[in-house]
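The structure appears right after this line, and notes come after that.
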Number of protein chains: 4
Amino acid sequence: MECPIDTKPRWERRKDARPQELLAAAIDLFVERGFASTRLEDVARRAGVSKGTLYLYFENKEELFKAVVRTSIVPVVAEAESSIAGFDGHSADLLRKVLMDWWERIGANKVSGIGKLVMAEAGNFPELAKFYQEEVISRGTRMFSSMLERGVTRGEFRDINITQMTQVLIAPMLMLVTWKHSVGPCERGDLEPQAFLNTFLDMALHGLLPATPPAA
Amino acid sequence: MECPIDTKPRWERRKDARPQELLAAAIDLFVERGFASTRLEDVARRAGVSKGTLYLYFENKEELFKAVVRTSIVPVVAEAESSIAGFDGHSADLLRKVLMDWWERIGANKVSGIGKLVMAEAGNFPELAKFYQEEVISRGTRMFSSMLERGVTRGEFRDINITQMTQVLIAPMLMLVTWKHSVGPCERGDLEPQAFLNTFLDMALHGLLPATPPAA
Amino acid sequence: MECPIDTKPRWERRKDARPQELLAAAIDLFVERGFASTRLEDVARRAGVSKGTLYLYFENKEELFKAVVRTSIVPVVAEAESSIAGFDGHSADLLRKVLMDWWERIGANKVSGIGKLVMAEAGNFPELAKFYQEEVISRGTRMFSSMLERGVTRGEFRDINITQMTQVLIAPMLMLVTWKHSVGPCERGDLEPQAFLNTFLDMALHGLLPATPPAA
Amino acid sequence: MECPIDTKPRWERRKDARPQELLAAAIDLFVERGFASTRLEDVARRAGVSKGTLYLYFENKEELFKAVVRTSIVPVVAEAESSIAGFDGHSADLLRKVLMDWWERIGANKVSGIGKLVMAEAGNFPELAKFYQEEVISRGTRMFSSMLERGVTRGEFRDINITQMTQVLIAPMLMLVTWKHSVGPCERGDLEPQAFLNTFLDMALHGLLPATPPAA
DNA sequence: CATGAATGAGAGTTCATTCAT
DNA sequence: GATGAATGAACTCTCATTCAT
């Protein structure tokens, strides 16, 4: 008589869970190794499936990557957009909130590695660069510009050059991401990200807020 | 009388020039395509030699890259260090000068691509990352910290958190380099680098300079 | 009163139709793409079933192919055989009729692609080649030989080399099939198949009919 | 002391001989297995080199195939063209000669398998089909048409439909090639190719030559 | 009966590195 | 010194077949 115990199926049927599992594995490896250097076989293995299985869910490597971006970053961007749209208070507080939220939702998280990866490999994968540019970067840039415009319109910020100031505000995010995913791990004296952001914001807002009345 | 020393046949003079030619070719390709994606055969071809010749001068791809860093970036860092050491004036002017010099010598130049490349591929080539970290980044960081200390010591800057402010100052450089070598080429509304640096410096110095006495 | 026999639910009637649907799909794809390049998944999809279902009806790809041959070509061969057996008239008319019938039933039809496919891939699938050889080619060859023998026996044809003339008669069929399924689609000046067959037959019968007595 | 004898180099440097060796191996395997089923690794192995070496000489599989065609078939076609251009005698003799030469140079040879292969896989490799069509088939077709025209012009042939008769003349070549490379090897009673061609030509010329004067 | 997720052996192609010449 | 032919491991993507459901 056959012993039914211990008979492990050659594989398990997990249609619904698979994409998530694969995406999770993919994110880890893309962040660890970059796009070009990530082997699909490793992604599959980490998700506990065979190489072929990946292709049941994602047409090819690029589509897998896009799926990663779509599920891990795009929703956060969208959420930020609506959070901005619904915000009531002072634009300086809005800026601070958005930056801090970004840190919590993206920066501190491994998904920030995706952004760094795109910066890194844009040249070799123009299709990917274009996709990320459209889905994330330009939306992000627009968000910051709109916050600055809001501040200016409401008289909360001085009448600064929006484009340039947008870049200034993006710089520390880029900085943190780059640091975290490249030199950071090698560096000893580490960066306190939130303190860094605060230092930065204090400085930036100095430049943004209108001159305070001489006597107060 | 002609000096016979100068009459060496062209190819023999070539011999000495080889490494430079190879390095020049390597820099171009590393910057264009990144480390992993640059084919040594292309480097050789661009330098007008054969693939095998490369290995006469450089042990392998990593050593070639290190040589690139050593010849194109390290000297600039060293020069900056001594320029700082010999500077007399106000620390704010020093900061401004160093940043602007950096833009002229590195940022605007293709060698800035090397920095971006290291950020990008550090994870896959830890040996390279470590090398760059030691030879360039930590020296650069130390330079900025020392300038800030100088300012504080001389009473020209407020008593700020040096580590954090160092990062703040590095951020825009990272920003410019990243922009130039990844999204920049895709993006429409382009960044005026020097204006951007000035905007940034104005803002940063606001935060650094001691509160001016109400009446002056 | 309605006949209850006909009220079977649709899917149950479907059950019997499945093999035919699969065979129809298979024929299309085998002809379009050849044996090796046809994907069973595509066959299944075109028949509106899943990949696994195919394996309920056909052991594997080769058996599917054999079934295609058995249902689409073998019956036509059998019919031709009995049509020859029952023919009364002049052997030249018989030959002409058989060739023209072949064109109508096979040549002009997509099933001619099956023959071409076997010629094409025989080397890689010897089992298939053997099957087709036995079920179709040797029967077809025998048919032509027997017609020639009939003609000779009845004094309607000259006493030619049967084997060779059989090949001569097969050549134009091969020609038409090959043309139709490979170069034909690329070629501009197209072949009028029936005119071609007639030209050929006129020529061939010249060689077959006994010399006409000078005076008639 | 090292014994210099018996030290076989890891590989041998044979730049000039390589392409021929590879082409020879390629022809064998393409003919044996067809285009799609031939593995480049096998081609390399048969030529005694590694897979990578193939790519030093041929850009990819398609180019390898084209090179095979260019070196093994195209020159024969060219030669036939000039042989026709320089022919003096009766057009019937010319036709006979060209067909027989074809058999000796191509038909009997393994290169005839290339033609069969193209017929077989044209649908799956349109690029290849186009190439072969242009370089071989249309040139061959033109050759036959021009011979027929010559015959008609010189009053040696009746005024037949050139296009159709061209196809009729091509049919037996197709027949022989197909036979040789597919069913032939399975078939017992084999075809005597030269006898077959003669039988065919006798028959065809019957149809081509002008009616002989009743009394002679 | 029917499904379709899962497998896994290969296929073509690339490239850093070696080494006979 | 200089060459460049040769290697071979690595990578992405494919598909006939199996089998848990």
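Within every chain, numbering begins at 1; the chains are lettered A, B, ... in the order of the sequence lines, protein sequences first and strands thereafter. FYI, side chains are in, hydrogens and waters are out, and symmetry mates aren't considered; it's all heavy atoms of this structure.
Regarding D:K61, its NZ atom lies at a distance of 15 Å from the C1' atom of F:dC13, rounded to whole Å. A straight line from CD of C:E21 to P of E:dC1 spans 14 Å, rounded to a whole angstrom. A:R45 has its CZ atom 17 Å from the P atom of E:dA6, to the nearest Å. When the P atom of E:dT14 is taken as reference, atom CZ of B:R33 falls 14 Å away, rounded to whole Å. To the nearest angstrom, P of F:dA16 lies 14 Å from CG of C:N124. Regarding A:F58, its CZ atom lies at a distance of 15 Å from the P atom of F:dT14, rounded to whole Å. Between the CG atom of A:L29 and the P atom of F:dC11 there is a distance of 12 Å, rounded to whole Å. To the nearest angstrom, P of F:dT7 lies 16 Å from CD of B:E41.
Where D:T53 and A:G48 meet DNA chain E, the nucleotide closest to each residue was compared, and A:G48 sits on the side nearer the 5' end. Residue-to-nucleotide proximity on DNA chain E shows that, of D:E62 and A:L54, the 5′-proximal contact is made by A:L54. For the pair A:D42 and C:N60, nearest-nucleotide mapping onto DNA chain F gives the more 5' position to A:D42. Annotation: of the two residues near DNA chain F, C:E59 and A:S37, the 5′-most nearest-nucleotide partner is A:S37.
Heavy-atom minimum distance, D:V118 versus D:A129: CG1-CA, 4.4 Å. Considering every non-hydrogen atom in both D:F65 and D:L128, the closest pair reads CD2-CG, 3.6 Å. The two atoms that bring C:F58 and C:P19 nearest to each other are CZ-O, 4.3 Å, heavy atoms only. The shortest heavy-atom contact between C:N60 and C:Y55 is CA-CE2, 4.1 Å.
Comparing atom distances between the A:Y57 side chain and each of E:dT13, E:dT17, E:dA6 picks out E:dA6 as nearest. Side-chain proximity of B:L40 to E:dT17, F:dC13, E:dT3: nearest is E:dT17. Of all nucleotides listed (E:dT14, F:dT17, E:dT3), E:dT3 comes nearest to the side chain of C:S50. Proximity note for A:R39 (side chain, C-beta onward) versus F:dT12, F:dA16, E:dT17: the nearest is F:dT12.
Heavy atoms of C:L56 sit under 4.0 angstrom from at least one base atom. Using a 4.0 Å heavy-atom cutoff across all strands shown, C:T38 reaches sugar-phosphate atoms only and no base atom.
Partner of C:R33 under the side chain to side chain donor-acceptor pair (under 3.5 Å) criterion, chosen from C:T38, C:D42, C:D28: C:D42.
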**OP:** Could you walk me through whether D:I27 and D:V111 pass the side chain to side chain contact (heavy atoms under 4.5 Å, CB included) test, one step at a time?
**Re:** CA-CA 7 Å; D:I27 235 188; D:V111 299; 3.4 Å; yes

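Residue side chain B:K51 reaches the base of E:dT17 through a donor-acceptor N/O pair under 3.5 Å, judged by distance alone.
As rounded to the nearest Å, F:dT21 and E:dC1 have C1' atoms that lie 13 Å from one another.
Annotation: side chain to side chain donor-acceptor pair (under 3.5 Å) contacts involving residues 114-127 of chain A, sequence neighbours excluded, comprise A:K66-A:E127.
Remark: DNA chain F takes part in the stems E:2-21 with F:2-21, each of 3 or more antiparallel Watson-Crick or G-U pairs, criterion distances under 3.5 Å.
Applying the 4.0 Å criterion to OP1 and OP2 of E:dA6, one finds that A:R18 has a side-chain N or O inside that range. The side chain of D:Y55 places no N or O atom within less than 4.0 Å of a non-bridging phosphate oxygen (OP1 or OP2) of E:dT14.
Between the side chain of C:K61 and the main chain of C:A36, a donor-acceptor pair closer than 3.5 Å is present.
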